[in-house]
Amino acid sequence: MLYLSRDDPELTQLVSDEKNRLNNTLNLIAAENHSPQSILEIMGSDFNTKTIEGYPGKRFHAGCAYVDRVENLAIERGKSLFGAEYINVQPHSGTSANLAVYFSALHIGDRVLAMSLPHGGHLSHGHPASITSKCFDFSHYEVNPETGLIDYDKIRDLAHSVKPKMIVAGASSYPRLIDYRRIAGIAKEVSAFLLADMAHLAGLVAAKVIPSPIPHCDFVTFTCYKTMMGGRGGVILCKKIHGRKIDKAVFPGCQGTSAVSLMAAKALIFKLAVEEKFISIQKKTIENARAMAMAFMKKGYRIISNGTDNHLIVIDLTSKDITGKSAENCLESVGIILNRNMVPEDAKKTGKVSGIRIGNGAVSARGMGKSHMRQIVDLIDIALMSPAKKDMLTEVKDGVLKLCQAFPINGSV
Ligand code: DSN
């Protein structure tokens, strides 16, 4: 921070405070992860200077010799890692990637069938607050409220009555594997495109610890900052036949210049993702999530779908008489960082909600294992059951700090 401390001591302090916060708290946000230090380096590299429009070899500004090589590296490595026919590495985010897919394949007003947000979907899957719902006519499928599982027969019924031009498979808080093959069959029956949004799952898919949607889908989108551990930004994978339209929809359709430093980070994580270290973090993430789900269930917590197959669990706190919002606040006060989350058929309003979502990516990247997950569950349980007992909360805070100090972030990934 040599130059930053000269130019802006206030921001320097904030960077240092954030580093301390990360080091001294347990990050259980399912949409976050710790990136390797080399990812942070490349994101702050000289590639930030370059403005680019267009694609390698077809740019609108001079001086693109090296950035063309960066984008081509990201393209070649990404295609090889995921076994994809075509890739676009320019999207700024997951929502930008989804928008580009919609605009590449649909006309304004076309019908789309996607998972509803309270049941696990995502804002960019046609939530009323998202521009996606203003441009396209979304209908939503839900999970079975008893089992918490996607009801594929219902998707099929809905697909036949709605006749969508696209079906979206993918979620931000669904803890189970998605049967992409089955949804692809339904999409075929109604002549719809299939988009899988694997933003949360990309690292697990890259490491081949869960099945890939890619063979079954026309389009697959993801972000690089969750299980993928690759800094910021989004990616689109698709069948070759859709490639030209996807490129046009990304630039100039939905974006102007892309961030070369982020494309370089994508190239880097696609390289690191075939290495044993990355793969073992992804394996550990799943084992840890399962261990955590089991430990919560033993303590009588209601886990949506009674477990998990991926990096996250969703807990319905209704029977514990605590809202998701109060749980989030109470846990933050002791250094455990997670987010409140709606549960299927949530009776509470958006602000408070009935549940919390817990992701295991970041603690697994720090090197913690199953016994530490059980320790974390004990700490969470004590805090949630004694929110007014200051001495108990202090004990939990000490326990969190000890665990954090035993697993420093620097050097862990
Ligand atoms: N999609 C949001 C989440 O899952 O929290 C942010 O990436």
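Numbering of ligands and ligand atoms starts at 1, following listing order. Scope of the values below: all heavy atoms of this structure, side chains included, with no hydrogens, waters or symmetry mates.
- Proximity of R357 to ligand 1, defined as any heavy-atom pair under 4.0 Å, is confined to the side chain (atoms from C-beta onward).
- For ligand 1, the atoms sitting less than 4.0 Å from at least one non-hydrogen atom of H122 are 1 (N), numbered in the order shown with element in parentheses.
- Of all atoms in ligand 1, numbered sequentially from 1 with element shown, those under 4.0 Å from a heavy atom of Y225 are 7 (O).
- Neither side chain, S354 nor D316, offers a donor N or O lying under 3.5 Å from an acceptor on the other.
- The aromatic rings of H200 and H311 lie tilted to each other, with the angle between the two planes from 30° to 60°.
- For the pair K154 and Y141, the cation does not sit on the ring face, since its NZ or CZ is not both under 6.0 Å from the ring centre and inside 45° of the axis.
- For a threshold of 3.5 Å applied to N or O pairs, the pair formed by S172 and ligand 1 contains no separation below that value.
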Evaluate the criterion salt bridge (Lys or Arg N to Asp or Glu O under 4.0 Å) for residue pair E287 and R290; output intermediate values, then yes/no. CA-CA 5 Å; E287 285 168 16; R290 283 192 185 138; over 6 Å; no
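- Residues K370 and N288 form a side-chain contact, since some pair of their non-hydrogen atoms from C-beta on lies under 4.5 Å apart.
- For ligand 1, the atoms lying closer than 4.0 Å to a non-hydrogen atom of K226 are 7 (O).
- Heavy-atom contacts of H200 reach the following atoms of ligand 1: 3 (C), 4 (O) (cutoff under 4.0 Å).
- Taking every heavy atom of A31 and a limit of under 4.0 angstrom, the matching atoms of ligand 1 come to 3 (C), 4 (O), 5 (O), 6 (C), 7 (O).
- Side-chain atoms of R357 and S173 form no donor-acceptor pair, as typed in the model, at a separation below 3.5 Å.
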